[in-house]
Protein chains: 2
Amino acid sequence: MRIADIPTPALVVDLAAMTRNIERMAAFFRTGPCRLRPHFKAHKTPEIARRQLAAGGCTGLTCATVGEAERAADLCDDILLANEPVGPGKCERLGALARRVAVTVAVDSTAALEAIAAAATRAGVTIGVLVDVNVGQMRCGVAPGDEALRLARRVAGTKGIALRGLMGYEGHLQPVADRAEREAGAHRAMEGLVATARRLRETGLPCDIVSAGGTGTYDISGRIEGITEIQAGSYVLMDSDYGRLDVPFEQAFWVLGTVISRPDPTRSVADCGHKAMTKDHGLPTVRGIEGAIVAALNDEHAMIALPAGASLNVGDRIYLRPSHTDPTINLHDVLYAVEDDAVIDVWPIAARGYPEHRYPSSARTARNSTDGQSRQPRPV
Amino acid sequence: MRIADIPTPALVVDLAAMTRNIERMAAFFRTGPCRLRPHFKAHKTPEIARRQLAAGGCTGLTCATVGEAERAADLCDDILLANEPVGPGKCERLGALARRVAVTVAVDSTAALEAIAAAATRAGVTIGVLVDVNVGQMRCGVAPGDEALRLARRVAGTKGIALRGLMGYEGHLQPVADRAEREAGAHRAMEGLVATARRLRETGLPCDIVSAGGTGTYDISGRIEGITEIQAGSYVLMDSDYGRLDVPFEQAFWVLGTVISRPDPTRSVADCGHKAMTKDHGLPTVRGIEGAIVAALNDEHAMIALPAGASLNVGDRIYLRPSHTDPTINLHDVLYAVEDDAVIDVWPIAARGYPEHRYPSSARTARNSTDGQSRQPRPV
């Protein structure tokens, strides 16, 4: 299969660029002491996670959802759910998962802790816990210091649970373009986290893991003494938002589109709208056409504004660079891995969406499967 | 199954409200002369399309992608692809589809016309064409008048193709909240379209279909003499963007989330971020908690700001009203149809994404399916 044969819109991965990104990040972490736990949420693609793990320097995988964790458990035996598992079925599924692999989750409330402990006890397993500490992102997490210490004590004393340490994600600092500012911010954010970790250890509480960091701060937080692992994800494929930063990673994936309309010489319309790439971090950029910009994205259309002299005709292909990796990949079912103009492989984005809701595939594909009587409500 | 058992995040459809929306829209169109061709892109859900068709007043279904058309062909025998089918495989798939049902597509270039005609000839079928006219949206489409007439003549003389009429979507007017302004705009936009249709007929060219309209203009453009069908879609489930308008449709779907963290009494965090609902038309709104707002959406988190006195604790459920129906539904695999607190049915969103890219389901679910040798690139 050639790139020219790929139906559009589609996601294509530049295999060589991705491989270089994986190697650059692994090289930073292979020597330790801090390690990498790549975030599976960025791409949800087992084949990419396998290559990240194979490159070395990794402790396991980080996930954001239970569905991701279930897929990630096929790839390695140490999973961190860097999120609070609250809601029907989540703790039960983690209990089942902990029979196969080591599972550690983030916790910032006793309500969540008790539900996890109950599920662990029912499943006859131990689930690891990191106390989630708010290091300034103002999302989840307890305050560093006394509050974190109090929850850590409670965790350590809970049956079915093993306290493993702390998590403090400085998400608010990832997009700060100025390195000095990002560096100063990360140091401030990590200070309270590392101090809390020290207090845990002084109190005799276990604290083997202190997890932080992302693509924007991996080489800042990853060099701070006391941080044991970094949960970066976007580095592997990159996007235009992280592309503003001085990180040594290349753009490695693109939305491939086809021009379907050229209403006038200054405007072309391609078949890839915001159902093919999100615009939550801004509009995508156009590769290889000097001065061309994406003026707008509709559901199924990219409106390309062209400079004088540029030509983009019906049937031409375009490559757009998304502004945000994670939610863009979550829109698709496969990645086309390409080298030059050849498609080398097609990788399922196996953890896309929320797999717990997937309808049985027989029902999804059967023609007229719910015809006739189905108009009568049936209890499920 | 009860609502309390649904894993989150999830999409829930208020069956009674949706049924009222379908009935209100059908009542407008049942008496004609203008008819409804509901847009399948809004929900991509066969069970909803079936109910729309069963309510009456419909000529068939409108689709935005070939993948949607392939699913819609299981539901009715007259499909309009209101979009230019350009790119690998699209025309061939439409040719195959036209063996089963009547297929009509929008065209605004001779390049697209020729590709469709070639595919129709190869498949031994006739494919209908509407000349796509730019009525002010400035997306696809030729200018009304001479330019449209010229393309229509060319279409009418092309083997394998049947000219069926014109399409002119006034998408730019759908969100105009002021009815007088929306009405004046739609009348201006439709004037050139209807005049062009008249010229086609005067020239002896066929023009049975003049397609326009959406949820914001169905009862404006749908009353203009010469418009034969309206391609509204969002009315069936609605969103907060259309909710600003004076249209008689109720909010009928919600993102159901679970509160996973309550860092302080004024802030709660739920497990439904912009991987569960898009924010391209703004942030979602909160149902049932006076003064509560969604302050931000991250990939997997909704940050809820709470007024004094409101309480939202870990484990509580919340309902968020999305700002934009179509791309939000496209993030999910199923809709939970609910009545009171009972789940009546689970509907597959069968045309989600781009089905032509779906990986064989055996490969998606097999554990370690690509282990070992798969690290060697294999040609596909």
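Keep in mind that the numbers below use all heavy atoms, side chains included, and drop hydrogens, waters and symmetry copies. Everything numeric here is computed off the predicted structure, so don't read it as measured data. A, B, ... follow the sequence lines: proteins, then strands. Residue 1 opens every chain.
Note that NZ of A:Lys275 is 10.5 Å distant from CZ of B:Arg352, once rounded to the nearest 0.5 Å. Atom OH of A:Tyr354 is separated from atom CG of B:Leu331 by 7.5 Å, given to the nearest 0.5 angstrom. In this structure, the separation between CG on A:Asp271 and NZ on B:Lys90 is 3.5 Å, given to the nearest 0.5 Å. The CG atom of B:Asp299 sits 9.0 Å away from the NE2 atom of A:His39 when rounded to the nearest 0.5 Å.
With a threshold of 4.5 angstrom between heavy atoms, B:Lys41 approaches chain A through its backbone and through its side chain. At a 4.5 Å heavy-atom cutoff, the contact between B:Asn298 and chain A is made by side-chain atoms alone. Both the backbone and the side chain of B:Pro9 come within less than 4.5 Å of a heavy atom of chain A. Only the side chain of B:Glu68 comes within less than 4.5 Å of a heavy atom in chain A; its backbone stays farther off. For a residue to count as touching a neighbouring chain, one of its non-hydrogen atoms must lie under 4.5 Å from one of that chain's; by this rule B:Ile6 touches chain A with backbone and side chain alike. Interface remark: B:Asn313 contributes no atoms to any contact with chain A (heavy atom separation under 4.5 Å). Proximity to chain A (any heavy atom under 4.5 Å) is shown, for B:Glu92, by neither the backbone nor the side chain. For chain B, the nearby parts of A:Ser261 are the backbone and the side chain; heavy atoms of each come within less than 4.5 Å. Interface residue A:Thr65: only side-chain heavy atoms are found under 4.5 Å from chain B. For A:Glu70, no part lies under 4.5 angstrom from a heavy atom of chain B.
Proximity of A:Val86 to B:Val259: side-chain heavy atoms (C-beta onward) are nowhere separated by under 4.5 Å. Between B:His357 and A:Pro7, the closest side-chain pair of non-hydrogen atoms falls below 4.5 Å. Using a 4.5 Å cut-off on side-chain heavy atoms (C-beta onward), B:Asn83 and A:His301 make contact. Counting heavy atoms from C-beta on, the side chains of B:Val314 and A:Glu84 never come closer than 4.5 Å.
Atom CG of B:Asp340 is surrounded by 12 or fewer heavy atoms from other residues, nucleotides or ligands within 6.0 Å.
Proximity of a side-chain donor or acceptor of B:Arg267 to a complementary backbone N or O of A:Met138 within less than 3.5 Å is detected.
For the side chain to side chain contact (heavy atoms under 4.5 Å, CB included) test, residues two or more places apart in sequence or in another chain that qualify with A:Gln174 are A:Tyr169, A:Glu170, A:Thr217, A:Tyr242. In this structure B:His281 satisfies the side chain to side chain contact (heavy atoms under 4.5 Å, CB included) test together with B:Asp241, B:Ser323, B:His324, sequence neighbours excluded.
Across all non-hydrogen atoms, the minimal contact from B:Cys140 to A:Val269 is SG-CG1, 3.8 Å. When all heavy atoms of B:Pro88 and A:Ala4 are compared, the pair lying nearest together is CG-O, 3.2 Å. Closest approach of B:Glu356 to A:Thr8, counting heavy atoms only: OE2-O, 4.3 Å. Across every non-hydrogen atom of B:Lys279 and A:Asp280, the tightest pair is CE-CB, 3.6 Å.
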Under the criterion side chain to side chain contact (heavy atoms under 4.5 Å, CB included), I'd like the reasoning laid out for A:His274 against B:Thr278: C-alpha separation, chi angles, the key distance, then a yes or no.
CA-CA 9 Å; A:His274 60 77; B:Thr278 65; 5.6 Å; no
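Listed options A:Met303, A:Arg139, A:His332 were ranked by heavy-atom pairs under 4.5 angstrom with chain B; first place goes to A:Arg139. Of the listed residues (B:Ala296, B:Ala337, B:Ala111, B:Ala276), the greatest number of heavy-atom pairs within a distance under 4.5 Å of chain A belongs to B:Ala276. Per-residue counts of heavy-atom pairs under 4.5 Å with chain A were compared for B:Val107, B:Asp326, B:Ile260, B:Thr258; the largest is that of B:Ile260.
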